[in-house]
Number of protein chains: 2
Amino acid sequence: MDQDTIDQPILAGTASPLQIDLARRILERIRDSGWAVGTRISVPDLARTFGVSRSPVSAALELLVAQGILNAFETRGLQLARDVAELAPEDVLPSSPLEDLYRRMMKDRSQGELPQDVSEAELMPRYQVSRGVIRKLLLRFAAEGLVQRLPGHGWRFAESLVGDDAYRESYEFRIAVECAALRSPMFRADPQLLAPVRRAHERILSTLLDGKTLASGDEWFRVNASFHEGLAACSGNRFLADAVRQQNNLRRLQESAGFEQLPGERLEQSCREHLAILDAVEAGEIEWAEALLRQHLRQASEFASPQRSP
Amino acid sequence: MDQDTIDQPILAGTASPLQIDLARRILERIRDSGWAVGTRISVPDLARTFGVSRSPVSAALELLVAQGILNAFETRGLQLARDVAELAPEDVLPSSPLEDLYRRMMKDRSQGELPQDVSEAELMPRYQVSRGVIRKLLLRFAAEGLVQRLPGHGWRFAESLVGDDAYRESYEFRIAVECAALRSPMFRADPQLLAPVRRAHERILSTLLDGKTLASGDEWFRVNASFHEGLAACSGNRFLADAVRQQNNLRRLQESAGFEQLPGERLEQSCREHLAILDAVEAGEIEWAEALLRQHLRQASEFASPQRSP
DNA sequence: CTGTGCTTTTCATTTACATAAAATGCACTA
DNA sequence: TAGTGCATTTTATGTAAATGAAAAGCACAG
């Protein structure tokens, strides 16, 4: 077992993006479910959960085996080999080259090193990759609404979230949509949906109260997203839920540029506000919940916006 | 000049989708600007307007020449050859094969002839086209939020608007978003944006009052979409505008199934309601406009929904 | 009856090359 | 000075074969 712990770049070459992605999600799932060491890992079960066939799941589990997180279970099958509560997925798993490029392009754009209008042929030599890769990336950007095809040649980056305007607009949109979700006549606080969200918040809060900082900035982002998306999902309106999810995708773009490392206290406050909103929702006090949510978003907006001064 | 009038399928083979699209937009522009016969047509001007180079514009104009709509201007250049006020663009121009396929797939899906989950390899033989074409179409659907990539293999169509639930949810969403657009602090009724919308409505209204029916069902759909999108665009909030546009895309998927041929009187009423809202907006009476819009959407919802009974 | 491990089949992506289309530049004209 | 017409360059798209990855099937163990 080599060195037992972290040696990432090994065998990073052989693993599809899907496999890496699955490995990360499986690891998160193991952690969040709090399974004990020795628990048997079922491939078909995971395959069902993530909506794929068993092949990529098996490959993903192999990655985890190579990291010493899983090991063989008696004669066949796999089991959990160690406690993963303290493990940060990104430290353990190789990152997909595609994902890296994605972030790199995003960063380059948000720092103005890429012009607003680009051509595929211009990007190919810049990032030393084939056209297919470039296309794939651009398509992903496009799916997230960050980039558009121009008629004729070229692509244009959205004005995106550069500039205070976009920030204001984003928060205005979120207030409109999320409050509408709460007010929806079909709104119903689904415990199955909200309980994990609450747990995640409590976990973070206790980490903070221990004086520790979060393992990764990404973690708060994900929990935050799960809160807003979970609330929207309770509206029973797929369009409201989709809109919230879409906004979160956009925001992820922003964060990964490296801006907005929230200070611990602000983070703690956000966490408490989320919990208060959950309390109100679960108690059926929807109007109060809406007021809290509106206030929460407004504050978040004020906190985020003055990052850049004009 | 052959037969002077309409002979569509001729030389439909040689013309890129962009060229055909431009030809249609140019024709609409000529019609909506009300230029007189003999007006000179400037290529660079059109190229600027549509944000492309002169090449595709020239090619598009050639298409119009072939239809007898333009002809040579003295020694060089082109001029408007005939009155186009009564011309329906779709009768004159060849339709791009890509566009046809797009509509066909949409229709097939909305009539349930395509399953929700599809693979590229399944579509290729079905529509007798290469993978590239299929990809292009799927990507277009994806950009409109109508289809999603599945992890692993295949694509999944959005739940779309099948079922009464989806209808209700769609209208709830639109009410939330469009009303938020009106209430936005940055809302500003932009005449440049709204004037063409108003003109289009007036044109339709006068057509109806003449006792005629609309040239194509598509026409009302486009005008209706331009109204709602135009209003949202005035909010100065790109996210609100995008959300409205996306809803319209979804609705188009629905309509193309051939449902919902609105009766003339309902159509006339919708038209008048739109105009009333425009009046209110342009007079700065935003609250009144919002009330009208909310009512308008609610009525439209009631009209559309009982189409299918459970 | 479910899960595993392996094999086979299906599907998607990649690569390189050929072709089509759009953008650009320039000489010339009104 | 802006516009046309044509030539050139740049850019993107289409095609086909090869590779790689995921899905589906099957025999067997618990």
Side-chain angles (χ1 to χ4, degrees), chain A residues 13-22 40-48 50-62 72-79 96-98 117-125 129-139 149-155, chain B residues 13-22 40-48 50-62 72-79 96-98 117-125 129-139 149-155:
Chain A
T14 57
S16 77
L18 176 58
Q19 290 167 9
I20 295 176
D21 187 53
L22 280 173
R40 187 189 186 107
I41 306 293
S42 158
V43 174
D45 185 32
L46 290 170
R48 268 189 301 276
F50 296 115
V52 296
S53 74
R54 292 169 351 203
S55 312
V57 171
S58 294
L61 293 182
E62 282 310 312
F73 184 77
E74 297 174 7
T75 60
R76 42 204 287 161
L78 297 171
Q79 65 177 353
S96 139
L98 214 71
D117 290 7
V118 295
S119 74
E120 300 180 5
E122 173 187 356
L123 295 174
M124 257 187 311
V129 292
S130 76
R131 164 172 274 113
V133 177
I134 292 291
R135 281 188 80 98
K136 196 163 189 172
L137 288 169
L138 285 173
L139 289 171
R149 288 227 43 160
L150 296 174
H153 289 327
W155 301 75
Chain B
T14 59
S16 78
L18 175 58
Q19 291 166 10
I20 294 175
D21 186 52
L22 279 174
R40 185 188 189 108
I41 306 292
S42 157
V43 173
D45 186 32
L46 290 170
R48 268 189 301 276
F50 296 114
V52 297
S53 73
R54 292 162 359 211
S55 312
V57 171
S58 294
L61 293 181
E62 282 310 310
F73 183 77
E74 298 175 6
T75 60
R76 44 201 291 163
L78 299 171
Q79 64 177 352
S96 137
L98 213 71
D117 289 8
V118 295
S119 72
E120 300 180 6
E122 173 186 356
L123 296 174
M124 257 186 310
V129 292
S130 76
R131 166 173 267 110
V133 177
I134 292 290
R135 280 189 80 97
K136 194 163 190 171
L137 288 169
L138 286 172
L139 289 171
R149 285 226 48 155
L150 296 174
H153 287 175
W155 300 75

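Below, chains carry the letters A, B, ... as their sequence lines are ordered, and counting in each starts from 1.
- Heavy-atom nearest nucleotides on DNA chain C were determined for B/A59 and for A/R40, and the one closer to the 5' end corresponds to A/R40.
- If you check D/dG14, D/dC26, C/dA21 against the side chain of A/H153, the one that comes closest is C/dA21.
- Here B/I41 lies in heavy-atom contact (under 4.0 Å) with sugar-phosphate atoms only.
- Residue B/R54 places its side chain closer to D/dG5 than to any other of D/dG5, C/dG5, C/dT13.
- Taking the side chain of A/S119 as heavy atoms from C-beta on, and the options C/dA12, D/dA21, D/dA12, the nearest nucleotide is D/dA12.
- In this structure, A/E120 places its CD atom 10 Å from C1' of D/dT13, rounding to the nearest Å.
- Here A/R131 lies in heavy-atom contact (under 4.0 Å) with a base.
- In this structure, B/S55 reaches the bases: a heavy-atom distance under 4.0 Å links it to at least one base atom across the strands shown.
- Separation of atoms NZ (A/K136) and OG (A/S130) is listed at 10.0 Å; rounding is to 0.5 Å.
- Distance A/R135 CZ to D/dT13 C1': 8 Å, rounded to the nearest Å.
- Taking atom CG of residue B/D45 and atom P of nucleotide D/dG3, one finds them 7 Å apart after rounding to whole Å.
- Residue-level contact check: B/L123 touches neither bases nor backbone, having no heavy atom under 4.0 Å from any strand.
- Put simply, B/S16 has a side-chain N or O that comes within less than 4.0 Å of OP1 or OP2 on C/dA22.
- Of the two residues near DNA chain D, A/P56 and A/R149, the one whose nearest nucleotide lies more 5' is A/R149.
- Which of C/dC11, C/dA23, C/dT13 sits closest to the side chain of B/S53 comes down to C/dA23.
- OP1 or OP2 of D/dG3 lies within a sub-4.0 Å distance of a side-chain N or O belonging to B/S42.
- Among the protein residues, B/E122 comes within range of no part of the nucleic acid, since none of its heavy atoms lies under 4.0 Å from any strand.
- Residue contacts for A/V52: at a heavy-atom cut-off of 4.0 Å it reaches the sugar-phosphate backbone alone, with no base atom in range.
- With distances taken from any side-chain atom of B/Q19 to the nucleotides D/dA22, D/dT13, C/dA22, the minimum falls on C/dA22.
- Counting any heavy atom pair closer than 4.0 Å across all strands shown, A/V43 reaches sugar-phosphate atoms only and no base atom.
- Comparing A/G77 and B/A121 by the nucleotide of DNA chain C whose heavy atom lies nearest to each, the residue mapping closer to the 5' end is A/G77.
- From A/L46, atom CG reaches atom CG of A/L22 across 9.0 Å, with rounding to the nearest 0.5 Å.
- Nucleic acid contact class of A/G132 (heavy atoms, under 4.0 Å, all strands): none.
- In this structure, the CG atom of B/L78 is 12 Å from the C1' atom of D/dG3, given to the nearest Å.
- The nearest whole Å value for the distance from the CZ atom in B/R76 to the P atom in C/dC28 is 12 Å.
- A/S130 comes within 4.0 angstrom of the backbone, heavy atoms only, and of no base.
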